Structures are given as C-alpha cells and as structure tokens.
**Student:** 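This is the structure I have questions about; it appears just below.
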Number of protein chains: 2
Amino acid sequence: MDKKQENKKVFLEIVNQLRELIKHEGIQPGEKLPSERVLSERLNVGRSSVREALRSLELLGLIETRHGGGTFLSAVHSNQLVELLASFILQENKAVEDVHIVRRMHEKEAIRVICSEQSLRSLPVWESLFMKLELENEIVRDLLLRELMIASGNRLALKIWIQLAAYSATPLKKLSTEEEKPMLQMLIKSLQLGYEREALSAYENWIHYLRNSSS
Amino acid sequence: MDKKQENKKVFLEIVNQLRELIKHEGIQPGEKLPSERVLSERLNVGRSSVREALRSLELLGLIETRHGGGTFLSAVHSNQLVELLASFILQENKAVEDVHIVRRMHEKEAIRVICSEQSLRSLPVWESLFMKLELENEIVRDLLLRELMIASGNRLALKIWIQLAAYSATPLKKLSTEEEKPMLQMLIKSLQLGYEREALSAYENWIHYLRNSSS
DNA sequence: GTTCAAAAGTGGTCTGACCACTTTTTATTA
DNA sequence: TAATAAAAAGTGGTCAGACCACTTTTGAAC
C-alpha cells in the first residue's frame, strides 16, 4: 500500500529523465541530443521507448529530428513560444497559479468570442454537451472546455491552452448533480443565447466551485 | 516532382490513416479501436509505428489506452476536434492573425487585472507614461504595453506576450498628436481610476486605429 | 587545398519475442 | 441452475536485433 500507485505512463518518466539529462549536460537550444541508441543505453530502456518519449517531445515542439542527422533541441526561431512554455511548465512548478490564471483567461476569452458570433453560438456541439450533462460523467468538464477553445477558432490559443491544460488538469471527481450541473447548464445556455455576462458569470462560479471542492 | 516529398513525418501520415479508419468504421467516442496488432496489419506498417501514432493521439487526448484492455476513442464528441487538431498538428497553415488576437487578448486581460487592483492602478509608472505622451515618441506604444503586462503580475503571461510581441511588432510611425494621443490619455486615466470599461474601450479604439492607419 | 567516394553515424521502420494486465471462456462446485 | 474459480485468449508495454534511407565525417587521390 505504501507504494504509490503512479499510473504514470513510463514513456512520460523517460521524458523526465531526458529533461534532467538535457539540463545536466547543459544542452542548449539548437544543439544536438545524444543519439537514440546512446539514450537507450544511458537510460536503461529500449530504443523504441526512447523513440516514444522523443515523439512526445517532438509533438510539443521541443525537439526536431532530422533523418540521418540527429535529434536537436528546438532552435529559438522555429518554435520559441512552445519551447518557452515547456521550459516554464516542465521545469519549476512554483508558478502553478500563473498557469491556472492564463488558462482561465484563454477560456474566458473563448467564451467572449463565441458569444459574439452567432454562427459559433448555434453550433450543435453545445446542445450535444448539454445533453451529455445528464450522463453525470466527469469527462464533460474537459469536453466542454476543449470545445470552447476549438470553437473560438484561434489555433494559437488552442495550442497554448492544450499545453496549459495538460499541466493543470481538471478534477477527476464525479460530476456533482445538485451543484455543478446547474452551473454548466447555465453556462451552455447563456453561451447559446449570446449572453456574455451570464456565461462568464456561470463560468467563474464553476471554476470557483471546482477549486474549492477539490482542496 | 510528382513525388510527395513534403510528407516528412510518416507517423503523422499514420495518424491520418487512423483518422480515416475511425471515420470509415464509424467508431464512436468511448468505443474500442482495433488492437495495435490488427492496426499494424491493416495499415501495412509495423506495430511500433502504430504505437508512435497512437502516442501522438494519446498525448492530444484523442484516445485512451488501458493496459491489457485496449485502446479507446476518447469520449470526445465531434469530428470537429479531430479535424482541427489534425490539420493543426500537420501545420497546413499558419495564422498570423491568431498571433495578433492572442497578443491583444493578453493585453486586455492585463488591463482588467490592473483595473481591479487598487495597488496596481496607483503605480507611479502610469503617471510617468502619461507625461511621456507629450514627447510624441513612438516608443511609448511599446512602453505602455510592456508596462501593462509587467504590472499585471503574471510571469507566464508576460513571457508569452514577449514572444507574441516579437512576432507582431507595433507600428514604427510617429505618434499622432491629434488622433492617437487622446486615446492613450484616456486609456491611462481610465486605468488609474479603475474604469475597466472605459479603459478597454480606449484600448480597442487605439488598436483599431493602429491597424487601419498602418495598412 | 579541393574533390569525391567510402565509412561511420543516425533516424525510420519492421519483426519477433516476452511480460503484465484485462477480458473472455471454460470448468468446477455448491 | 447459478455462482465461483481457474484457464485461455486478447491486448498494451517493453525490449532486442535487423535492415533501410539519409546525413555527416573521414580519408585517399588529385
């Protein structure tokens, strides 16, 4: 029982080891990482596992791979923003609150955008989400937020949000019927009607409830 | 030249094939995907390549994997998500406009934060900026925006903004005395008084003016 | 010093194997 | 018959080795 049931994916553990290695070796952006075979040997894992970890980093824009050339820490020019975000998010976890604030800011802005666009308000996804509330499944939390970000139509904001969301996950506890559901219902309905103030109010109440109930 | 030489990332191609397969098979959110071995056979690729593609989808939250159980399509409602994310990840197009929008969003949020905090409103920097307007120097534009971001106190937001600002620089043309200065005066004064609506209104008028006059 | 072909290094992919875990099936028992 | 337990099948997780395609380095010939 003392053993923490860390359901963490092993390849994510390798990602962390890679981070420490990069930090320890002092590898700078644009410089080359050890080859997959060397990493495999030094981290005592199979090469395929190393590759899966590298895939994750590549998808985040942290590294670039060149066939036959090697793997490189992303240069500042290509994806400085992502590099910045990742270094901020992955390294020191003192600014958790900042991440939360920026994430909520993006979500609120998405609500504003959607409320101001009739075509976005009338998307069928809102009605679908409204009905999914009856399932009382906690997944609707992420679902709703993700759809908000997607519908707002800003890909950069979506990209930023995805990384922020990965860092500050929503609670996994069961959806509260008597407390949480009404807030979400109001949020969605206000959204569909274009009532920006009411939608934002419902959103903030919801976030406030989530923070208080999870602590 | 007929060769599709642009398709660099093969595992992203597999991601596309997986999307088509899901669509063709009519696999609904929450339902199970074919096993890795079956996918490997049907897509005519190695199982390791399938796994790398699945890793990408998993990192995006599109699928969930359960050890010994299988791979499941996330309870994400629409193809909207898959399509958008896929096209986004594949970087089919880059939107300069998005950078501008996100940058302005951060600036507006900074204004809101400052207006809501008496200690921030009373910072001497605003009065200093107000006086600098008389110099009619175009530098005050960047100066003002930067101070806004710094004063709002969110380090992550500041770092993001710095990167965004590097992509979409403010105009270099001379400060307009009869048009631009009044807007900035109103912005600063509203900020100091905590008039959020007026401050945001002045800000948006200003941005609108900058965009139209520079084109 | 230049040029260029061979060698070494590296990522990309496939195959097969084994393990850990889950689900299904089958056999046993009350 | 129904419940329970054991066995089997299915599936993801990981590793090792091999080969290919491409890039970089090396070194010999000029």
Side-chain angles (χ1 to χ4, degrees), chain A residues 1 3-18 21-22 25 27 29-75 78-79, chain B residues 1-18 21-22 25 27 30-75 89-90:
Chain A
M1 281 319 220
K3 188 176 181 182
K4 197 65 165 61
Q5 190 60 23
E6 313 264 3
N7 279 334
K8 295 183 182 302
K9 305 291 180 179
V10 181
F11 82 98
L12 286 182
E13 185 58 34
I14 300 181
V15 168
N16 270 333
Q17 295 186 30
L18 283 176
L21 185 143
I22 291 173
E25 299 286 321
I27 300 176
E31 293 182 358
K32 195 161 80 171
L33 271 63
S35 72
E36 295 179 350
R37 291 169 178 83
V38 172
L39 287 175
S40 163
E41 184 177 335
R42 288 179 55 175
L43 301 181
N44 282 313
V45 292
R47 191 183 157 208
S48 54
S49 296
V50 169
R51 282 184 58 82
E52 290 185 1
L54 291 178
R55 277 279 168 283
S56 306
L57 293 179
E58 186 181 10
L59 198 74
L60 290 176
L62 287 178
I63 61 174
E64 299 172 0
T65 53
R66 306 171 195 165
H67 190 182
T71 306
F72 300 80
L73 263 190
S74 283
S78 61
N79 226 331
Chain B
M1 285 309 174
D2 50 270
K3 290 178 66 177
K4 303 281 287 288
Q5 195 65 19
E6 6 187 319
N7 258 339
K8 289 184 174 183
K9 306 298 176 183
V10 183
F11 84 97
L12 286 182
E13 184 58 34
I14 300 180
V15 169
N16 268 333
Q17 294 186 30
L18 283 176
L21 185 143
I22 291 173
E25 298 287 321
I27 300 176
E31 292 183 359
K32 194 162 80 170
L33 270 64
S35 71
E36 296 179 350
R37 292 170 177 82
V38 172
L39 286 175
S40 164
E41 184 177 335
R42 289 179 54 175
L43 300 182
N44 281 314
V45 292
R47 189 182 157 212
S48 53
S49 297
V50 170
R51 281 183 59 81
E52 290 185 0
L54 290 178
R55 277 279 166 285
S56 307
L57 294 178
E58 185 183 11
L59 200 72
L60 292 176
L62 294 180
I63 61 173
E64 300 171 1
T65 53
R66 306 170 196 167
H67 189 182
T71 305
F72 298 81
L73 193 59
S74 286
I89 294 303
L90 295 177

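Just so you know, these numbers use all the heavy atoms, side chains as well, and skip hydrogens, waters and symmetry mates. What you are looking at is a predicted structure, and each value in this text was computed from that prediction instead of being measured.
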**Student:** Using a cut-off of 6.0 Å, state whether more than 12 heavy atoms not belonging to A:Glu41 lie near its atom CD.
**Tutor:**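 Atom CD in A:Glu41 is not packed in, count stays at 12 or less.
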
**Student:** Taking the side chain of B:Arg55 as its heavy atoms from C-beta onward, which of D:dG13, D:dC15, C:dT13 lies nearest to it?
**Tutor:** D:dG13

**Student:** Can you list the steps and then say if A:Arg47 with A:Glu52 is a salt bridge (Lys or Arg N to Asp or Glu O under 4.0 Å)?
**Tutor:** CA-CA 9 Å; A:Arg47 191 183 157 208; A:Glu52 290 185 1; over 6 Å; no

**Student:** Nearest 0.5 Å, what's the OG1-CD distance between B:Thr71 and B:Glu64?
**Tutor:** 10.5 Å

**Student:** I'd like to know if A:Arg47 reaches the base of C:dG12 with its side chain, counting only an N/O donor and acceptor under 3.5 Å.
**Tutor:** yes

**Student:** Within less than 4.0 Å of OP1 or OP2 of D:dG13, is there a side-chain N or O belonging to A:Ser48?
**Tutor:**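 Result: no.
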
**Student:** Do the non-hydrogen side-chain atoms of B:Leu33 and B:Val38 ever get within less than 4.5 Å of each other?
**Tutor:**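 No, too far: nothing below the 4.5 Å cut-off.
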
**Student:** Looking only at side-chain N and O atoms, does A:Thr65 come under 4.0 Å of OP1 or OP2 in C:dG12?
**Tutor:**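 Affirmative; the distance criterion is met.
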
**Student:** Which atom pairs link the protein and nucleotides 20-25 of chain C when you take only N or O atoms and keep those under 3.5 Å?
**Tutor:**
| residue | atom | partner | partner atom | Å |
| --- | --- | --- | --- | --- |
| C:dA20 | N3 | B:His67 | NE2 | 3.1 |

**Student:** Grab the CG-C1' distance between A:Leu33 and C:dG9 for me, whole Å please.
**Tutor:** 15 Å

**Student:** Does B:Glu25 CD have over 12 foreign heavy atoms under 6.0 Å away?
**Tutor:** yes

**Student:** Exactly one of A:Ser40, A:Pro34, A:Ser35 should register a side-chain contact (heavy atoms from CB on, under 4.5 Å) with A:Val50. Which one does?
**Tutor:** A:Ser40

**Student:** Whole angstrom is fine here: how far is it from CD1 in B:Ile63 over to C1' in D:dT11?
**Tutor:**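 The distance from CD1 of B:Ile63 to C1' of D:dT11 comes to 13 Å, rounded to the nearest Å.
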
**Student:** Return the set of residues passing salt bridge (Lys or Arg N to Asp or Glu O under 4.0 Å) with B:Arg37 (not counting sequence neighbours), or none when no residue passes.
**Tutor:**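 Testing B:Arg37 for salt bridge (Lys or Arg N to Asp or Glu O under 4.0 Å), a comparison that skips the adjacent residues, returns none.
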
**Student:** In whole Å, what is the span from the CZ atom of B:Arg51 to the C1' atom of C:dG12?
**Tutor:** 17 Å

**Student:** Do the non-hydrogen side-chain atoms of B:Leu39 and B:Val45 ever get within less than 4.5 Å of each other?
**Tutor:** no

**Student:** Residues from residues 35-43 of chain B sitting under 4.0 Å of DNA chain D, heavy atoms only?
**Tutor:**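 Per residue number, the list reads B:Ser35, B:Glu36, B:Arg37.
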
